[in-house]
Q: 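I'd like to ask you about the structure that follows.
For this chain, numbers begin at 1 and follow the sequence in order.
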Amino acid sequence: ATGTSTVFVAAATTSSTSDCVTRLYALTLSASGKPAAPQPLQVPAIPGRLATPTSLAASSDGRTIAYASVPCALSPSPPTTIGVIADGATRRWTLPSADLTSLSLSADGSELGYVDQPMANPVAPAGNRAGAARIMPTGAPSGTASDRGHEVFSDGHGVRAESLVLHSDGTTTYQIG
């Protein structure tokens, strides 16, 4: 949702044997709360599908959109791509094999927060996964996401990073562990 609380960003994935992309749409609500027809956003299609239901975020003015996507083909440990679309350009980072959840943008779109849970090792107990809540600047150079920004909370001490919300100021986080 954007800062006006009347415009929302939604995603729809089209999948075929030769093409699998996700397209973004704006949903506008009237004063009475009735939604208008979805309107395609004039942004590049996202390769693959959203990684999780919480893998889409928008800045309060709607000018910056963040997503996390994975290939549509099923794979035991697909790489995750984090993308930020701003001012007509897309910047991308990768995570080699992770469950990425809870994307959150600062109000101005300059900071991106997310939770990175490495894929579970099928022979390791679930508690042995070391995940982290991270914040990174959306202007960071492309590359590996874990090399950008900083960790604000990590698994340990009997608590597991599950969810993160980035405050509009981009410096405060709220976590559910």
Q: Can you check salt bridge (charged side-chain N to carboxylate O under 4.0 Å, His left out) on R134 and D116, steps first, answer last?
A: CA-CA 7 Å; R134 301 184 60 82; D116 165 11; 5.6 Å; no
Q: Under 4.5 Å between side-chain heavy atoms, counting indirect links through other Ile/Leu/Val/Met/Phe/Trp/Tyr residues: same cluster for V152 and V115 or not?
A: yes
Q: Could you walk me through whether L41 and I65 pass the side chain to side chain contact (heavy atoms under 4.5 Å, CB included) test, one step at a time?
A: CA-CA 11 Å; L41 291 177; I65 299 169; 3.6 Å; yes
Q: What are the two closest heavy atoms between A107 and S59, and how far apart are they?
A: O-CB, 3.4 Å
Q: Check whether T138 reaches the backbone of G109 with its side chain - one donor and one acceptor, N or O, closer than 3.5 Å.
A: yes
Q: Compile the donor-acceptor pairs under 3.5 Å between side chains in residues 22-29 and protein atoms, sequence neighbours left out, one pair per line.
A:
{"unit_1": "T22", "atom_1": "OG1", "unit_2": "T13", "atom_2": "OG1", "d": "2.8"}
{"unit_1": "T22", "atom_1": "OG1", "unit_2": "G48", "atom_2": "O", "d": "2.7"}

Q: Do T64 and V84 come close enough that some side-chain heavy atom pair is under 4.5 Å?
A: yes
Q: Rounded to the nearest 0.5 Å, how far apart are CG of L56 and OG of S104?
A: 11.5 Å
Q: Sort out for me which residue in T54, L112, L50 forms a side-chain contact (heavy atoms from CB on, under 4.5 Å) with L103.
A: L112
Q: Partners of S32 by side-chain hydrogen bond (donor to acceptor under 3.5 Å, both in side chains), sequence neighbours excluded?
A: S30
Q: Does V21 belong to the same Ile/Leu/Val/Met/Phe/Trp/Tyr cluster as I85, with side-chain heavy atoms less than 4.5 Å apart forming each link?
A: no
Q: Judged by atom type as modelled, is there a donor-acceptor pair below 3.5 Å linking the side chain of W93 to the main-chain atoms of P141?
A: yes
Q: Rounded at 0.5 Å granularity, tell me how far CZ in R148 sits from CZ in R91.
A: 10.0 Å
Q: I need the T80 OG1 to Y67 OH distance, nearest 0.5 Å.
A: 12.0 Å
Q: Could you check if a side-chain atom of I82 sits within less than 4.5 angstrom of a side-chain atom of Y114, using non-hydrogen atoms only?
A: yes
Q: Minimum heavy-atom separation for P71 and P79, please, with both atom names.
A: CD-O, 3.6 Å
Q: Is the backbone of E111 close enough, under 3.5 Å, to the side chain of S106 for a donor and an acceptor to pair up by distance?
A: yes
Q: Applying side-chain hydrogen bond (donor to acceptor under 3.5 Å, both in side chains), can you list everything that pairs with S55, at least two apart in sequence or on another chain?
A: T52
Q: Side chains of P47 and R92: does their closest heavy-atom pair fall under 4.5 Å?
A: yes
Q: For the residue pair D61 and D108, establish whether any side-chain heavy-atom pair is separated by less than 4.5 Å.
A: no
